[in-house]
Amino acid sequence: MRKEYDFTAARKNPYAAQLKKPVTIRLDQDAVAYFKSLSEETGIPYQSLINLYLRDCAATKKKINLAWA
């Protein structure tokens with residue numbers, strides 16, 4: 001028996017603004033391998049680890065020091 005659902009009184013997802021945005025990014029193989037090895041050690045998916053690291057950089061306003069020789 002199939003039930004029909006009425007969503008007219010449903011609330012919007014309060015966490016919808018916090019959802020992740022899919023992007024395409026090109027990374028070096030070494031960088032991906034590094035995060036994949038961390039993933040195996042920690043049990044956290046490597047994409048989540050990359051996201052956590054980037055969030056930490058943004059939160060601490062970490063800047064890269066580019067010095068061209």
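Quick note: residue numbers are just sequence positions, from 1. Values below: every heavy atom of this structure, side chains too, minus hydrogens, waters and symmetry copies.
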Rounded to the nearest 0.5 Å, what's the gap from [atom1] on [X] to [atom2] on [Y]? Could you check?
| X | Y | atom1 | atom2 | answer |
| --- | --- | --- | --- | --- |
| Lys36 | Glu41 | NZ | CD | 15.0 Å |
| Tyr46 | Leu49 | OH | CG | 11.0 Å |
| Leu38 | Leu52 | CG | CG | 11.0 Å |

Hey, does the side chain of Asp6 reach the backbone of Thr8 with a donor-acceptor pair shorter than 3.5 angstrom?
yes

Heavy-atom count around Phe35 CZ within 6.0 Å, excluding the residue itself: above 12?
yes

Does a sphere of radius 6.0 Å around NZ in Lys12 hold more than 12 heavy atoms from other residues, nucleotides or ligands, not counting ones at 6.0 Å or beyond?
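It does not: Lys12 NZ has 12 such atoms or fewer within range.
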
Evaluate the criterion side chain to side chain contact (heavy atoms under 4.5 Å, CB included) for residue pair Leu27 and Ile50; output intermediate values, then yes/no.
CA-CA 11 Å; Leu27 302 172; Ile50 294 170; 4.1 Å; yes

Tyr53-Val23 co-clustered via ILVMFWY side chain contacts under 4.5 Å
no

